[in-house]
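So the structure is just underneath, and the comments pick up after that.
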Amino acid sequence: MNILIALLPALGWGLMPLVTGKVGGSPTNQIFGIGAGTTIIGLIVFAITRPAVDGKAFLFALVCGALWTIGQIGQFISFKRIGVANTYPLSTVFQLVGNSILGVLIFGDWKGTQSKVIGFIALLIVISGALLTSVSDEKDGKITLKDSLFLLVTTVGYWIYSSFPNIPIIKAQSGTSIFLPEMLGILVGAVIFGLFTDRKSFTQKEQYLNIFAGLIWGIAALSYIYSAQANGNTSAFIWTQLSVVIATFGGIAVLHEHKSHREMMYTIAGIVLIVLGSIATSFA
């Protein structure tokens with residue numbers, strides 16, 4: 001049972017970009033669907049568990065959820081530009097490298113010389129994997145510097161969201177108590193983005209069909225909380241790395257994103273390095 005719980009986050013996070021890709025619509029439609037779907041899951045969890053949550057922690061979690069949408073919007077736009085199979089590995093690496101560096105500099109992670117050596121070697125492995133997945137047979141390359149920089153800058157939203165559980169006011173709360181405000185924050189961020197970029201999106205059917213992807217993402221996020229409790233943080237994190245495999249090869253098989261034989265070989269090698277490097281960071 002614990003293994004099943006551990007697999008759900010990887011399945012959900014890996015399948016989400018495939019569902020939004022199949023449903024279609026603009027990034028505005030897609031982020032709204034994620035926000036609405038996750039909020040539905042959050043309300044159900046809150047109604048069942050009735051957790052107590054501090055007012056300041058609730059507000060803080062809501063703001064962090066809203067900031068998370070910056071990262072996800074960046075992903076959705078990148079999916080359109082360079083495809084899921086190219087975006088997801090690169091985004092995974094940016095998140096892992098950024099979160100690790102912030103953890104070391106701000107939160108005191110990787111204590112001791114040995115941990116730092118293991119950690120930074122693991123990051124070099126992950127970065128090497130990202131470079132392999134970006135190899136292209138096209139003369140100009142499928143992934144431009146502009147595409148990479150855009151994804152990197154928007155990943156700041158993910159870094160903030162991933163760092164906030166280390167803040168004392170949040171540490172004192174249970175995972176289920178801050179789950180609803182996080183999900184509400186995602187919806188608030190999505191609505192604000194829609195109002196400023198495309199108000200017509202609220203009348204488009206894709207806006208609401210993408211809620212199915214949001215339900216999947218919300219279940220995955222909830223499962224991760226229980227997986228960490230049942231399997232430990234390290235094991236829970238390791239299992240989530242399967243999401244990059246699901247999303248990358250799902251983009252090729254389900255969304256029909258073309259890769260030549262040579263590109264596929266480099267992609268497979270790159271994904272292996274990203275997964276191995278990601279796992280290694282959890283032992284630093």
Side-chain angles (χ1 to χ4, degrees), residues 9 13 16-17 20 26-28 30-32 34-35 38 57 59-84 86-110 119-120 122-124 126-127 129-131 133-134 143-171 178 181-197 214 217 220-221 224 237 240-241 243-244 247 274 277-278 281:
W13 291 334
M16 182 273 284
T20 57
S26 66
T28 306
Q30 293 168 333
I31 194 62
F32 177 85
I34 298 301
T38 54
L59 181 61
F60 200 87
L62 189 145
V63 171
C64 286
L67 291 172
W68 175 90
T69 60
I70 297 171
Q72 191 56 55
I73 290 166
Q75 262 200 11
F76 283 139
I77 293 173
S78 296
F79 290 160
K80 300 287 187 184
R81 291 179 176 177
I82 60 177
V84 172
N86 287 322
T87 298
Y88 208 93
L90 195 58
S91 179
T92 298
V93 170
F94 285 159
Q95 290 176 60
L96 183 64
V97 173
N99 289 335
S100 299
I101 292 174
L102 286 175
V104 172
L105 296 178
I106 299 176
F107 301 110
D109 294 346
W110 298 355
F120 284 110
L123 292 184
L124 288 175
V126 166
I127 292 169
L131 292 174
T133 64
S134 66
I143 305 174
T144 66
L145 178 60
K146 180 181 177 181
D147 294 327
S148 298
L149 288 176
F150 173 79
L151 189 59
L152 176 62
V153 170
T154 54
T155 302
V156 170
Y158 285 142
W159 294 341
I160 295 171
Y161 179 81
S162 298
S163 298
F164 94 96
N166 294 304
I167 297 171
I169 192 173
I170 299 298
K171 270 189 173 181
I178 59 171
E182 286 177 21
M183 302 305 106
L184 283 172
I186 293 173
L187 179 59
V188 169
V191 169
I192 291 172
F193 180 71
L195 290 174
F196 277 92
T197 61
W217 195 95
Y224 184 74
F237 172 79
T240 63
Q241 299 313 296
S243 66
V244 71
I274 290 171
S278 299
T281 61

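The structure places CD1 of Ile127 at 10.0 Å from CZ of Phe120, a figure rounded to the nearest 0.5 Å. Note that CD1 of Ile34 is 10.0 Å distant from CD of Gln75, once rounded to the nearest 0.5 Å. The distance from atom CD1 of Ile77 to atom OG1 of Thr87, rounded to the nearest 0.5 Å, is 11.0 Å. Atom OG in Ser91 sits 8.0 Å away from atom CD in Gln72 (nearest 0.5 Å).
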Would Trp68 and Glu182 satisfy side-chain contact (heavy atoms from CB on, under 4.5 Å), going step by step from the backbone distance to the final call? CA-CA 9 Å; Trp68 175 90; Glu182 286 177 21; over 6 Å; no
Would you please test Ser100 and Trp110 for side-chain contact (heavy atoms from CB on, under 4.5 Å) and show each step? CA-CA 9 Å; Ser100 299; Trp110 298 355; 3.6 Å; yes
One pair to check against side-chain contact (heavy atoms from CB on, under 4.5 Å): Leu90 and Asn86. What are the steps and the verdict? CA-CA 7 Å; Leu90 195 58; Asn86 287 322; over 6 Å; no
Run Gln30 and Met16 through side-chain contact (heavy atoms from CB on, under 4.5 Å) and show every step you take. CA-CA 10 Å; Gln30 293 168 333; Met16 182 273 284; over 6 Å; no
Under 3.5 Å, side-chain donor or acceptor atoms of residues 146-156 against the rest of the protein: list the pairs with distances, not counting sequence neighbours.
residue: Asp147; atom: OD2; partner: Thr144; partner atom: N; Å: 3.2
residue: Asp147; atom: OD2; partner: Thr144; partner atom: OG1; Å: 3.0
residue: Ser148; atom: OG; partner: Thr144; partner atom: O; Å: 3.3
residue: Thr154; atom: OG1; partner: Phe150; partner atom: O; Å: 3.1
residue: Thr154; atom: OG1; partner: Leu151; partner atom: O; Å: 3.1
residue: Thr155; atom: OG1; partner: Leu151; partner atom: O; Å: 2.5

Side-chain donor-acceptor pairs under 3.5 Å in residues 183-197, sequence neighbours left out?
residue: Thr197; atom: OG1; partner: Thr28; partner atom: OG1; Å: 3.4
residue: Thr197; atom: OG1; partner: Phe193; partner atom: O; Å: 2.6

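The closest donor-acceptor contact from the side chain of Ser163 to the backbone of Ile160 lies at 3.5 Å or more, if one exists at all. Between the side chain of Thr281 and the main chain of Ser278, a donor-acceptor pair closer than 3.5 Å is present.
Exactly one of Leu123, Thr133, Ile274 qualifies for a side-chain contact (heavy atoms from CB on, under 4.5 Å) with Val93. That residue is Ile274.
Partners of Leu59 by side chain to side chain contact (heavy atoms under 4.5 Å, CB included), not counting sequence neighbours: none found.
Counting heavy atoms from C-beta outward, Phe164 and Ile167 have side chains that approach closer than 4.5 Å.
Across all non-hydrogen atoms, the minimal contact from Thr240 to Pro9 is CG2-CB, 4.0 Å. For the pair Gly157 and Ile70, the tightest heavy-atom approach, listed with the atom from each and the gap, is CA-CB, 4.1 Å. Taking both residues in full, the closest heavy atoms of Pro27 and Phe76 are given as CB-CB, 3.9 Å, listed atom of the first, atom of the second, then distance.
Checked against the 6.0 Å centroid threshold, Phe94 and Trp159 do not count as a close aromatic pair.
Classified by interplanar angle (parallel below 30°, tilted 30° to 60°, perpendicular above 60°), the ring pair Phe79/Tyr88 is parallel.
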